[in-house]
Amino acid sequence: MAAKLTSAERKAFLDENPQWKPVEGRDAVARSFQFGDFNAAFGFMTRVALAAEKADHHPEWFNVYNKVEITLSTHDAGGLSKRDVALAGFIDEAAGG
């Protein structure tokens, strides 16, 4: 089971990754992405899905056409964990930075 991030670790993650926003009422972060078209959005989601399956850590997400919204939290830990930090890093890379 993953351990929840400490307050200092959570703050450091948010300071270093301002594109990820805290989710009100939850120990979670979210980010929205917009791509050129549905194909690009779906390709991005496929890359993230494969990495998430390999890590056995799955995001919450929502997709409409070229927009993808992703929320990260580790349910077993009751909030953000290092697993979310790692997946956020992969997601950012997969989206092109």
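All values below come from the heavy atoms of this structure, side chains included, with hydrogens, waters and symmetry mates left out.
Closest of all the heavy-atom pairs between Ala52 and Pro59 is CB-CD, 3.8 Å.
Side-chain N or O atoms of Asn63 include one that pairs as donor or acceptor with a backbone N or O of Lys67 at under 3.5 Å. Within the 3.5 Å criterion, the main-chain N or O of Ala88 finds no donor-acceptor partner in the side chain of Arg31. Judged purely by atom type and a 3.5 angstrom limit, Asn66 uses its side chain to pair as donor or acceptor with the backbone of Phe35.
Within the structure, salt bridge (Lys or Arg N to Asp or Glu O under 4.0 Å) pairs that include any residue of residues 4-16 comprise Lys4-Asp27, Glu9-Lys82, Arg10-Asp27, Lys11-Asp15 (at least two apart or interchain). For residues 51-70, no pair satisfies ring pair (Phe, Tyr, Trp, His ring centres under 6.0 Å), with sequence neighbours left out. Applying the salt bridge (Lys or Arg N to Asp or Glu O under 4.0 Å) definition to pairs two or more places apart or across chains, those involving residues 52-61 are Arg26-Glu60.
When the side chains of ILVMFWY residues are joined at heavy-atom separations under 4.5 Å, either directly or via intervening members, Trp20 and Val23 end up in two distinct hydrophobic clusters.
Residues passing the side chain to side chain donor-acceptor pair (under 3.5 Å) test with Thr74, sequence neighbours excluded: Ser81, Asp84. Glu69 meets the salt bridge (Lys or Arg N to Asp or Glu O under 4.0 Å) test with no other residue; sequence neighbours excluded. Residues passing the side-chain contact (heavy atoms from CB on, under 4.5 Å) test with Val85 are Leu5, Phe13, sequence neighbours excluded.
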Report all side-chain donor-acceptor pairs from residues 37-51 shorter than 3.5 Å, counting only partners two or more places apart or in another chain.
| unit_1 | atom_1 | unit_2 | atom_2 | d |
| --- | --- | --- | --- | --- |
| Asp37 | OD1 | Asn39 | N | 3.2 |
| Asp37 | OD1 | Ala40 | N | 2.8 |
| Thr46 | OG1 | Phe42 | O | 2.9 |
| Arg47 | NH1 | Gly43 | O | 3.3 |
| Arg47 | NH2 | Ala94 | O | 3.3 |

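The structure places CG of Leu72 at 5.5 Å from CG of Leu87, a figure rounded to the nearest 0.5 Å.
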